[in-house]
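To start, the structure under review is shown below, and the notes come after it.
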Amino acid sequence: MTSTPLVRAFSGVQPTGRLHLGNYLGAIKPWVEHQHARENLFCVVDLHALTVPEAIKPDELKARSRNVAAAFLAAGIDPSVSSLFIQSHVREHTELTWVLNCVTPLGWLERMTQFKSKSEGRETVGTGLLDYPVLMAADILLYDSQVVPVGEDQKQHIELARDVAVRFNHMFGETFVVPQPSIPLSGARVMGFDEPTVKMSKSIAESRPHHAVHLDDTPEKIRKSIMKSVTDAGCDYDPATASPGVVNLMHVLSAVSGEGIPSISSRYTGKGYGYLKQEVAEAVTAELAPVQDKYRRLLDEAGYLDQVLAQSTAKVRTLAEATMTRVRHAIGIG
RNA sequence: AGGGGUAUAGCUCAGUUGGUUAGAGCAGCGGAUUCCAAAUCCGCAGGUCCCGGGUUCGAGUCCCCGUGCCCCUGCCA
């Protein structure tokens, strides 16, 4: 049986902070639902987690990387279909980064908006923070990735990866596949429960417990965070005019139940927000329960997780080695 | 490299001539209130006072060494 090769997609997730409902509904769940549509490489990018050295907790980083991988499996990523591996386990990422560094003009990095916003106000900025987009380019180019599903905030980084690939190809001959950004699969954009005007964020959630619902939260905590979520003094469920917090709650409910926003809106018209919150809390708890169950089992008997990671790593390493051989040959090293 | 300034709670900062248990505002957490939230009120928690030495009965405070950051002046095959 032969089939046309699937488009290869690369997705990275940082092992910083705990995964939350926004990560789940916005990214993981849609990935699971569409994992047969293309060849997916899911990479826990622990090297990217080093870019803010003040935040590195060496004794926790390994565990966090494994936790993220376990969460992916628990959410339904099928390791026989998709690859799931940890970035630092494939050494070629760092080697390619150095080569690409030498090809990347400094100005390209200095004008990255994420670098500017992340370095703003910080006392010291490590070189790694500036170099972050090059590491990301290496991640993508190493596997001849054709598409990279990212949100608006990461689009500039994909463009940099393209620019670097084109520049290298131009200087040293056709070596890299030039990747395309792709709209992430129709994921919900979940806003912070305590501040519904900003996207739910792992870093904010670390200092504000009720900012997010985490994948490993207890039902009591889930309920509390949702009940405490910010709304307004009125009673408006019209998606066009309702306050951000109410709209966010309706989106979350829609994402887990599949019910359309207009239907939810009309069901609750005339009722207090408390009732909506209760339903959201119950729906989220029910949605997460089986995932949490599997997640705990995976971490309890770590053998399976390690085996999955080892198999995926071996598989993707073949791709990485092939690319690096081309790169070394093109540029004259190795 | 030299000179100066600075380092205290998650953030912004107080902290007297060296003196009891290092404080405030904001943020956070819990409670009251509210259909829920907000506002308000009550309460709670949070610190290696940058690291290491020294002086002293006693050091956040004084001295020395180191480190990070900011400013100035230089050096640079």
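Here is the naming used below: chain letters follow the sequence lines, and residue numbers restart at 1 for every chain. Remember, it's a predicted structure, so these values are computed and weren't measured experimentally.
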### Query
Pro219(A) and Thr285(A): which non-hydrogen atoms are nearest, and at how many Å?
CB-CG2, 3.9 Å

### Task
Compare every heavy atom of Ala161(A) with every heavy atom of Leu141(A), then report the nearest pair and how far apart it is.
CD1-O, 4.2 Å

Which side-chain N or O atoms in residues 187-198 of chain A pair as donor and acceptor under 3.5 Å with protein atoms at least two apart or in another chain?
unit_1, atom_1, unit_2, atom_2, d
Asp194(A), OD1, Arg208(A), NH2, 3.4
Asp194(A), OD1, His211(A), ND1, 2.8
Asp194(A), OD2, Arg208(A), NE, 2.8
Asp194(A), OD2, Arg208(A), NH2, 3.1
Glu195(A), OE1, Arg208(A), NH2, 2.8

Roughly how many Å is it from [atom1] in [X] to [atom2] in [N], rounded to a whole number?
{"X": "Arg223(A)", "N": "G30(B)", "atom1": "CZ", "atom2": "P", "value": "14 Å"}
{"X": "Ile226(A)", "N": "A37(B)", "atom1": "CD1", "atom2": "P", "value": "13 Å"}
{"X": "Asp236(A)", "N": "A37(B)", "atom1": "CG", "atom2": "C1'", "value": "15 Å"}
{"X": "Leu276(A)", "N": "C36(B)", "atom1": "CG", "atom2": "C1'", "value": "9 Å"}
{"X": "Met227(A)", "N": "C29(B)", "atom1": "CE", "atom2": "C1'", "value": "18 Å"}
{"X": "Gln278(A)", "N": "A37(B)", "atom1": "CD", "atom2": "P", "value": "11 Å"}
{"X": "Asp232(A)", "N": "C35(B)", "atom1": "CG", "atom2": "P", "value": "14 Å"}
{"X": "Tyr275(A)", "N": "C36(B)", "atom1": "OH", "atom2": "P", "value": "9 Å"}

Could you list by number each residue of [range] showing a heavy-atom separation from RNA chain B of less than 4.0 Å, or answer none if no residue does?
{"range": "residues 246-262 of chain A", "answer": "none"}
{"range": "residues 193-210 of chain A", "answer": "Ser207(A), Arg208(A), Pro209(A), His210(A)"}
{"range": "residues 266-273 of chain A", "answer": "Gly272(A), Tyr273(A)"}

For nucleotides [N] and [M], find the distance between their [atom1] atoms and express it as a whole number of Å.
{"N": "C51(B)", "M": "G10(B)", "atom1": "P", "value": "14 Å"}
{"N": "G46(B)", "M": "C57(B)", "atom1": "C1'", "value": "32 Å"}
{"N": "G66(B)", "M": "A1(B)", "atom1": "P", "value": "11 Å"}
{"N": "C65(B)", "M": "G52(B)", "atom1": "C1'", "value": "8 Å"}
{"N": "G15(B)", "M": "U6(B)", "atom1": "P", "value": "12 Å"}
{"N": "A7(B)", "M": "C75(B)", "atom1": "P", "value": "32 Å"}
{"N": "G28(B)", "M": "A45(B)", "atom1": "C1'", "value": "9 Å"}
{"N": "G60(B)", "M": "U20(B)", "atom1": "P", "value": "10 Å"}

Can you pull every protein N or O that's under 3.5 Å from an N or O on nucleotides 40-48 of chain B?
none

## Note on the structure
Any stem touching RNA chain B, meaning at least three consecutive Watson-Crick or G-U pairs under 3.5 Å, ordered by first number, would be B:1-7 with B:67-73, B:10-13 with B:23-26, B:28-32 with B:40-44, B:52-54 with B:62-64

### Task
Please report the C-alpha distance between Gln114(A) and Asp153(A) in whole Å, then the side-chain angles of each, then the deciding distance to 0.1 Å, and finally whether the side chain to side chain donor-acceptor pair (under 3.5 Å) criterion is met.
CA-CA 8 Å; Gln114(A) 193 180 84; Asp153(A) 55 328; 5.1 Å; no

### Message
If we check side chain to side chain donor-acceptor pair (under 3.5 Å) with Asp216(A), which of these qualifies: Arg296(A), Arg18(A), Gln292(A), Lys221(A)?
### Response
Arg18(A)

Mind checking whether [X] and [Y] have side chains closer than 4.5 Å, heavy atoms only?
{"X": "Leu25(A)", "Y": "Val252(A)", "answer": "yes"}
{"X": "Glu279(A)", "Y": "Ser257(A)", "answer": "no"}
{"X": "Gln146(A)", "Y": "Arg38(A)", "answer": "no"}
{"X": "Ser203(A)", "Y": "Thr16(A)", "answer": "no"}
{"X": "Asp236(A)", "Y": "Tyr273(A)", "answer": "yes"}

### Summary
Hits for ring-ring contact (aromatic ring centres under 6.0 Å, His included) against Phe172(A), two or more places apart or cross-chain, chain-then-number order -> Phe168(A)

Please tabulate, one pair per line, each protein N/O and nucleotide N/O from nucleotides 31-34 of chain B that are separated by under 3.5 Å, including the distance.
unit_1, atom_1, unit_2, atom_2, d
G31(B), OP1, Lys224(A), NZ, 3.4
G31(B), OP2, Lys224(A), NZ, 2.6

### Task
Sequence neighbours left out, what pairs pass salt bridge (Lys or Arg N to Asp or Glu O under 4.0 Å) with at least one residue falling in residues 237-258 of chain A?
none

### Query
Is a side-chain donor or acceptor of Asp217(A) paired with a backbone partner of Ile222(A) at a separation under 3.5 angstrom?
no

### Query
Are any side-chain N or O atoms of His329(A) and backbone N or O atoms of Thr325(A), one a donor and one an acceptor, separated by less than 3.5 Å?
no

### Query
Should Leu50(A) and Leu109(A) be regarded as members of a common hydrophobic cluster, given that ILVMFWY residues are connected when their side-chain heavy atoms come within less than 4.5 Å of each other, either directly or indirectly?
no

### Task
Would you tell me whether Glu92(A) and Thr323(A) have side-chain atoms, one donor and one acceptor, within less than 3.5 Å of each other?
no

Could you list the donor-acceptor pairs under 3.5 angstrom formed between side-chain atoms of residues 68-81 of chain A and any protein atom two or more places apart in sequence or on another chain?
unit_1, atom_1, unit_2, atom_2, d
Asp78(A), OD1, Ser80(A), N, 2.9
Asp78(A), OD1, Ser80(A), OG, 2.8
Asp78(A), OD2, Ser80(A), OG, 3.2

### Task
Return the set of residues passing side chain to side chain contact (heavy atoms under 4.5 Å, CB included) with Glu110(A) (not counting sequence neighbours), or none when no residue passes.
Leu106(A), Leu130(A)

### Query
Applying ring-ring contact (aromatic ring centres under 6.0 Å, His included), which residue pairs with at least one partner in residues 91-110 of chain A are found, sequence neighbours left out?
His93(A)-Tyr143(A)

#### Entry: salt_bridge(Arg66(A), Asp306(A)) N-O dist < 4.0 Å
yes

